[in-house]
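Every chain is numbered from 1, with letters handed out A, B, ... down the list of sequences.
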2 protein chains.
Amino acid sequence: MNIKEVSERSNLPAKTIRYYEEIGLIRPKRAENGYRAFRESDLHKLAFLGRARELGFSIEDCRTLMALYEDETRESAHVRSVAEEHLGAIDAKIAQLQSMRKTLAHLVHCCAGDNRPDCPILEDLATHGPAQPEQAAR
Amino acid sequence: MNIKEVSERSNLPAKTIRYYEEIGLIRPKRAENGYRAFRESDLHKLAFLGRARELGFSIEDCRTLMALYEDETRESAHVRSVAEEHLGAIDAKIAQLQSMRKTLAHLVHCCAGDNRPDCPILEDLATHGPAQPEQAAR
DNA sequence: ATTGACCTTCCCGTGACTGGAACCATTATC
DNA sequence: GATAATGGTTCCAGTCACGGGAAGGTCAAT
């Protein structure tokens, strides 16, 4: 298989597939003309990677998960802990976005949105400076 | 004011302040020794920027918002539209994260997390390839 | 005279790609 | 056989919003 077919069957851009090879996530063979020669197993790995990326795992997480996938002696606890950590990060991100959303929605609601210059959004920005970083918990 | 005082009073790292000057968001004067000489107005702008960044506005949005802030003839509708667009992006991001979260939480819940290799998380990754990109709406 | 704290610029690295240039290989068409 | 279209290759640069660190100048205090 050449890269285009793999790209279509994995729903990953060819650029991404080359990048994954560059960083060692896949190791397709080469044909005599220098073209990458993908096997079904490469395609399978790419689908795995695509799904993991879709769930928001970092490339490094993907590397770990692939290694676990290929390790018959893995413990599911290991996989689960990777997923749990990622889940925690997602939750933190959601909370942060919801906090932004709340403030922003309020400001947008308060803004007349007409041809006059008065604007509570700008007033907020001008008066509520950035928050002090919290003292890190020990 | 030198950069350290401004950094402390604005709660922005000195690196960030220099960066904001580099990209033209602020234009502090210079003392004879080459040090940046910040005025209160620079500090005010930095606080404005810090707050806008805290609400997730991009640097380009910040540039627009600052320009509107300084434009006495602005229309609040303009400010509001910038904020609404950003709000929409936040909502989209939240929805995407919640979708990930849902799938991931389910998988984590299903995974025994013990010393055996069987793992529904890896099974999902191996079998549910990446989604086809939706046909873009016209 | 020498610390030490502060300031400066400059360059590299981040994550996960994307775009584009320049060039080689294969296949189809005239 | 010449040409064009399509596909492949590598390499370089750019994205976003900074952060780290080196090399060196300035200032206040000891």
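- At a threshold of 4.0 angstrom between heavy atoms, the contacts of A:F57 with the nucleic acid are absent.
- Comment: A:R36 engages A:E21 in a salt bridge, judged by a side-chain N to carboxylate O separation of less than 4.0 angstrom.
- To the nearest angstrom, P of D:dG8 lies 12 Å from CZ of A:R30.
- One finds no salt bridge joining A:E85 and A:R80 here, because no Lys/Arg side-chain nitrogen approaches an Asp/Glu carboxylate oxygen to under 4.0 Å.
- Atom CD of residue A:E75 and atom CG of residue B:D114 lie 8.0 Å apart, to the nearest 0.5 angstrom.
- Checking the phosphate oxygens (OP1, OP2) of D:dG7, no side-chain nitrogen or oxygen of A:R36 falls inside 4.0 Å.
- Remark: C1' of D:dG8 and CD1 of A:I17 are 13 Å apart, rounded to the nearest angstrom.
- The nucleotide range of DNA chain C contacted by chain A, defined by atoms under 4.0 angstrom from heavy atoms of the protein and reported 5' to 3', is C:dA16 to C:dT26.
- Residues A:L43 and A:F38 form no side-chain contact, since every pair of their non-hydrogen atoms from C-beta on lies 4.5 Å or further apart.
- Taking 3.5 Å as the limit, the base of D:dG20 and the side chain of B:K15 contain a donor-acceptor pair of atoms between them.
- Regarding contacts with the backbone of D:dG7, every side-chain N or O of A:R18 stays at 4.0 angstrom or more from both OP1 and OP2.
- One atom, CG of B:L49, and another, P of D:dC16, lie 17 Å apart when rounded to the nearest Å.
- Going from atom CD of B:E84 over to atom NE2 of A:H109 covers 12.0 Å, rounded to the nearest 0.5 Å.
- Between the NE2 atom of B:H86 and the P atom of D:dC16 there is a distance of 15 Å, given to the nearest Å.
- In summary, B:E70 and B:K45 engage in a salt bridge, as defined by a charged side-chain N under 4.0 Å from a carboxylate O.
- Side-chain atoms of B:S76 and A:D118 include no donor-acceptor pair closer than 3.5 Å.
- Residue contacts for A:I23: at a heavy-atom cut-off of 4.0 Å it reaches no nucleic acid atom on any strand shown.
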For nucleotides 25-30 of chain D, give me one character per nucleotide, 5' to 3': B if any protein heavy atom sits under 4.0 Å from the base, S if the only such contacts are to the sugar-phosphate, - if neither.
BBS---
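- Look at A:R18 and A:E22 and you find no salt bridge, because none of the NZ, NE, NH1 or NH2 atoms lies under 4.0 Å from a carboxylate O.
- Considering CZ of A:R51 and CG of B:D124, their distance stands at 4.0 Å, rounded to 0.5 Å.
- Atom OH in B:Y19 sits about 16 Å away from atom P in D:dG20, given to the nearest Å.
- At whole-Å resolution of the value, CD in A:E21 and P in D:dG8 are 14 Å apart.
- Rounded to whole angstrom, the span from the CZ atom of A:F38 across to the P atom of D:dG8 amounts to 9 Å.
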